[in-house]
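Per chain, numbering begins at 1; letters A, B, ... match sequence-line order.
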Amino acid sequence: MGNIFQNIISKSRKKSPWIVHFDCNSCNGCDIETLACLTPLYDVERFGIVNVGNPKHADVLVVTGSVNNRNVRALKNIYNQIPEPKAVVAVGACACSGGVFKECYNVLGGIDQVLPVDVYVPGCCPRPEAIIDGIVMAVGKMDEKAAKMKESRNLEAVND
Amino acid sequence: MKYLPEIIIALITIIAAPIIGGLLTGLDRKLTARMQNRIGPPLLQPFYDFFKLLGKEKITLNQTQMVYVLCYLLFAIMALIMLVFKQDLLMLVFILTFSNLSLVVGATSVRSPFSKIGAQREIIQMVAYEPVILMMTVGIYLTTKSFMIESIFQHDQPMIANLPLVFLAFVFVLTIKLKKSPFDFSTSHHGHQELVKGITTEFSGLQLALIEMTDWYDLVLLLGMISLFFAKPLWVGILIALASYFLEIVIDNISARVTWRWMLKIVWLFGIGAALTNIIWLYARR
């Protein structure tokens, strides 16, 4: 019985990833492409993907642009508010590696400098299809993360 | 086991209502998507969302938050069961208010300003629609001489013959209660955003799942209340309730969100105005 329940939850997880989109330091190119996914042409709601504004309801954090010293606190704050299991998708060249701003004195680099990134979507800017593909790939990792979440919770119980 | 049939009916209601409500919500999302020229999510999408939320990490901000969510759910179930057993309509309305009030208190029990403003707006919405619901019960009392829902079914005419304007006012209530545009400013549904997520901002995981389930119960309850206007036979009422649900989806898609001042003006002027006119007419006719 418990197993069937786990299967339903695991299947539902893959069918309803809610994303929260954070513009870290982007030139807005990637943001426009990310929002283009919501339009009737691409319609991400087909896959159950909903763009929520609230990190507490979200499953996937979609970040565009590179991290700098000013926004690193906000980025970490949003990431910490997302309940487990959660995934991070870095969209665009800047989010993946820092892009053309990599050597700037104020830029820390790609998102992976501060957060554990699950999927890199390269391109300047990536096409909406590539972004949807990246989110779907991140969703594929959710089960693994849920198992890890359970494990760490058990460890906590042992430590207590 | 004197009450065995009643208990079985209550259990069937508790299990069937969220399934019906969830399917209707899925249909709503599908229809909304089609109206916006999109493909839209699968019909079972609300259930996927619900089960996904059950599997999320449980975050509670304070010790009492879950109690309020459970109150919200349990009082909504209680109101629905009262409707199924054709009990006192006045009591049903009070219990429904109490259910909604639990969510308001739950949203104000945390420190987030978004949640608190959402709760205040929910109170404004309640101020707008509660008089209309109360006038509906008064109107039904004036026609059937009883607050019992049973008496509606025993009355020889459907309620709509005596309460046409009250029914129109009730459509406003339905828009507010279902959190549809133009009156969705305490919180909104689907992908829409308002005040981050308004009254539900600070609820996540299991709590949000329970709130979603309560919305399904509420949907079934409200459609049931609409079908009361046309009961006799009941299936006509149910068909009209579904038609008015479709009307709500159309209204949701063609209208923009209003401010709370506008909502108070619109609902008090047209909603309460229509309901009051109807009741004065009922008095004058006697």
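- Residues Glu45(A) and Thr32(B) are not in side-chain contact: their nearest non-hydrogen atoms beyond the backbone lie 4.5 Å or more apart.
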Using the side-chain contact (heavy atoms from CB on, under 4.5 Å) rule, take Gln45(B) and Val50(A) through it: C-alpha gap first, then chi angles, then the decisive distance, then the call. CA-CA 11 Å; Gln45(B) 188 61 43; Val50(A) 177; over 6 Å; no
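- In the displayed structure, Asn7(A) atom CG is contacted under 6.0 Å by more than 12 heavy atoms of other residues, nucleotides or ligands.
- Here Ser204(B) is the residue among Ala33(B), Pro42(B), Ser204(B) with the most heavy-atom pairs under 4.5 Å with chain A.
- Interface remark: Leu208(B) contributes side-chain atoms only to the contact with chain A (heavy atom separation under 4.5 Å).
- Remark: side-chain polar atoms of Arg13(A) are paired, donor with acceptor, to backbone N or O of Gly55(B) under 3.5 angstrom.
- Side-chain contact between Ile59(B) and Gln81(A): absent, with no pair of heavy atoms (C-beta onward) separated by less than 4.5 Å.
- The heavy-atom pair separating Phe51(B) from Ile9(A) by the smallest distance is O-CG1, 3.7 Å.
- Using modelled atom types and a 3.5 Å distance limit, the side chains of Thr201(B) and Asn54(A) yield no donor-acceptor pair.
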Using side-chain contact (heavy atoms from CB on, under 4.5 Å), reason through Lys56(A) and Lys197(B) one step at a time and then give a plain yes or no. CA-CA 10 Å; Lys56(A) 294 193 176 183; Lys197(B) 202 64 185 172; over 6 Å; no
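- Panel note: side chain His57(A), backbone Thr200(B); a donor-acceptor pair is recorded below 3.5 Å.
- Of all non-hydrogen atoms in Gln36(B) and Pro40(A), the two that sit nearest each other are O-CG, 3.6 Å.
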Can you list, pair by pair, the side-chain donor-acceptor contacts under 3.5 Å of residues 101-110 of chain B, counting residues two or more places apart and other chains?
{"unit_1": "Ser102(B)", "atom_1": "OG", "unit_2": "Phe98(B)", "atom_2": "O", "d": "2.9"}
{"unit_1": "Thr108(B)", "atom_1": "OG1", "unit_2": "Val104(B)", "atom_2": "O", "d": "2.9"}
{"unit_1": "Thr108(B)", "atom_1": "OG1", "unit_2": "Val105(B)", "atom_2": "O", "d": "2.9"}
{"unit_1": "Ser109(B)", "atom_1": "OG", "unit_2": "Asn62(B)", "atom_2": "ND2", "d": "3.4"}
{"unit_1": "Ser109(B)", "atom_1": "OG", "unit_2": "Gly106(B)", "atom_2": "O", "d": "2.8"}

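- Side-chain atoms of Glu57(B) never come within 3.5 Å of backbone atoms of Ile82(A) as a donor-acceptor pair (strictly under, hydrogens ignored).
- The number of heavy atoms from other shown groups lying within 6.0 Å of CE (Met137(A)) does not exceed 12.
- Side-chain atoms of Lys52(B) come within 3.5 Å of backbone atoms of Ser16(A) as a donor-acceptor pair (strictly under, hydrogens ignored).
- Looking at Ile8(A) and Phe47(B), their side chains never come closer than 4.5 Å, going by heavy atoms from C-beta outward.
- The distance from the CG atom of Asn37(B) to the CG atom of Leu41(A) is 10.5 Å, given to the nearest 0.5 Å.
- A donor-acceptor pair is defined here as one N or O able to donate and one able to accept, closer than 3.5 Å; such a pair exists between the side chain of Lys56(B) and the backbone of Ala58(A).
- Heavy atoms of Phe203(B) lying under 4.5 Å from chain A belong exclusively to its backbone.
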